[in-house]
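I have placed the structure first, in the form of structure tokens, so that the comments after it can refer back to it.
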There are 2 protein chains.
Amino acid sequence: MNESFKALADPTRRKIIDLLKEKDRTAGELAEYFQMSKPSLSHHLNSLKHAGLIQDEREGQFIRYTLNMTVLQEVLGWVLSVTGAGSEDKKAAPNKKKEDHPS
Amino acid sequence: MNESFKALADPTRRKIIDLLKEKDRTAGELAEYFQMSKPSLSHHLNSLKHAGLIQDEREGQFIRYTLNMTVLQEVLGWVLSVTGAGSEDKKAAPNKKKEDHPS
DNA sequence: TATATATTTAGATAATTATCTAAATATTGA
DNA sequence: TCAATATTTAGATAATTATCTAAATATATA
């Protein structure tokens with residue numbers, strides 16, 4: 001969980017998630033969307049993979065990356081536990097919040 | 001948005017969010033839940049405040065912290081955009097006409 | 001086998017972040 | 001005004017992270 005949030009703290013990595021949300025992509029395809037060097041992108045991919053947010057699978061010469069929805073839903077679970085919105089299927093948290101004094 | 005995710009990347013700060021979810025608390029009350037020095041906790045509070053995730057309000061000697069649900073819901077929005085707002089099984093071809101950002 | 005392509009690993013460096021102690025600021029009440 | 005309490009700011013240092021180039025690994029194909 002901590003690794004997930006740490007991984008999501010970087011805009012490059014969130015964009016990778018956005019791109020993989022559309023469809024699975026190889027490392028090289030992902031690299032086209034960024035200016036940085038491929039080793040740098042590889043570092044970000046490794047960060048996401050280490051967090052369990054994505055998975056990789058070799059396909060011949062290429063390595064194809066895919067989202068791991070299970071871990072993403074754990075993240076969703078925490079955010080929902082704070083915002084209290086919608087269906088909480090993890091541990092439901094009571095949410096009593098008086099929203100009253102803006103600055 | 002980036003500041004929010006950066007702020008949430010730290011477990012101390014997520015615990016602060018959890019504590020404020022229960023009820024508003026002063027800096028000193030929050031400090032009771034952590035081992036670190038008060039200046040260190042203040043640094044974390046400042047990080048959350050800078051991200052807009054929490055707000056502070058002086059109450060005499062004390063400073064009371066509250067969650068800012070608006071910004072938290074922006075975070076929720078991004079996570080939902082990845083996981084799929086509905087009750088989709090996995091990420092099997094959702095008809096998402098929502099975004100496309102190359103660049 | 002040799003070469004080209006795809007990707008990662010290694011190693012270095014610069015930037016960012018977390019933490020501490022000491023000092024400063026704001027408020028309360030005697 | 002002085003002392004106590006609550007909290008932050010300043011300044012230093014150590015740890016972590018992002019990035020680069022160069023080299024290594026894995027695969028495909030001529």
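Letters A, B, ... are given to chains in the order of the sequence lines, protein chains preceding strands, and every chain is numbered from 1.
- Of all nucleotides listed (C/dT9, C/dA18, D/dT19), C/dT9 comes nearest to the side chain of A/P39.
- As judged by a 4.0 angstrom heavy-atom cut-off over every strand, A/K6 is placed among residues touching the sugar-phosphate backbone only.
- Among the heavy atoms of the strands lying under 4.0 Å from A/R13 are primed sugar atoms or P, OP1, OP2 only; no base atom is included.
- Across all strands, B/D10 comes closer than 4.0 Å only to sugar-phosphate atoms, never to a base (heavy-atom distances).
- Candidate nucleotides C/dA18, C/dC20, D/dT7 were compared by shortest atom distance to the side chain of B/M36, and C/dC20 ranks first.
- Spacing between atom CG of B/L45 and atom P of D/dT7 amounts to 10 Å, rounded to whole angstrom units.
- Between A/H44 and A/F34 the shortest side-chain heavy-atom distance does not fall below 4.5 Å.
- The nearest whole Å value for the distance from the NE2 atom in A/H43 to the C1' atom in C/dA14 is 14 Å.
- In terms of phosphate contacts, B/S37 brings no side-chain nitrogen or oxygen within less than 4.0 Å of OP1 or OP2 of C/dT21.
- Under a hydrophobic clustering in which Ile, Leu, Val, Met, Phe, Trp and Tyr are joined whenever their side-chain heavy atoms come within less than 4.5 Å, directly or via other members, B/I17 and B/I63 fall into the same cluster.
- For A/F5 and D/dT17, the CZ to P distance is 16 Å, given to the nearest whole Å.
- Hydrophobic cluster membership is shared by A/L8 and A/Y33, with clusters built from Ile, Leu, Val, Met, Phe, Trp and Tyr side chains linked at under 4.5 angstrom.
- For A/I63 and C/dT9, the CD1 to P distance is 8 Å, given to the nearest whole Å.
- Regarding contacts with the backbone of D/dT19, every side-chain N or O of A/S40 stays at 4.0 angstrom or more from both OP1 and OP2.
- Within the 4.0 Å cut-off from OP1 or OP2 of C/dA6, not a single side-chain nitrogen or oxygen of A/Y65 is found.
- We find that CG of B/N46 is positioned 15 Å from C1' of C/dT19, with the value rounded to whole Å.
- Rounded to whole Å, the distance from CG on A/L41 to P on D/dT21 is 14 Å.
- Ion pairing between a basic and an acidic side chain is recognised when a charged N comes within 4.0 Å of a carboxylate O; B/D56 and B/K49 show such pairing.
- No donor-acceptor distance shorter than 3.5 angstrom exists from the side chain of A/N68 to the backbone of A/Q55, with no hydrogens or angles considered.
- With rounding to whole Å, B/K38 atom NZ is found 16 Å from C/dA22 atom C1'.
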> Stepwise, does the side chain to side chain contact (heavy atoms under 4.5 Å, CB included) test hold for B/V71 with B/I54?
Replying inline: CA-CA 9 Å; B/V71 173; B/I54 63 175; over 6 Å; no
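- For the OP1/OP2 pair of C/dT19 and a distance below 4.0 Å, the side-chain nitrogens and oxygens of B/H44 include at least one atom meeting the criterion.
- Remark: P of C/dT27 and CD of B/E57 are 13 Å apart, rounded to the nearest angstrom.
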Enumerate all atom pairs, one protein N or O and one N or O from nucleotides 26-30 of chain D, separated by less than 3.5 Å.
none

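- Cluster annotation: A/F62 is not connected to A/Y65 through the hydrophobic network of ILVMFWY side chains, with a link wherever side-chain heavy atoms come within less than 4.5 Å.
- With A/L67 as the fixed residue, the side chain to side chain contact (heavy atoms under 4.5 Å, CB included) test singles out one of A/L48, A/D24, A/L72: A/L72.
- The side chain of A/T26 contributes no N or O atom lying less than 4.0 Å from OP1 or OP2 of C/dA6.
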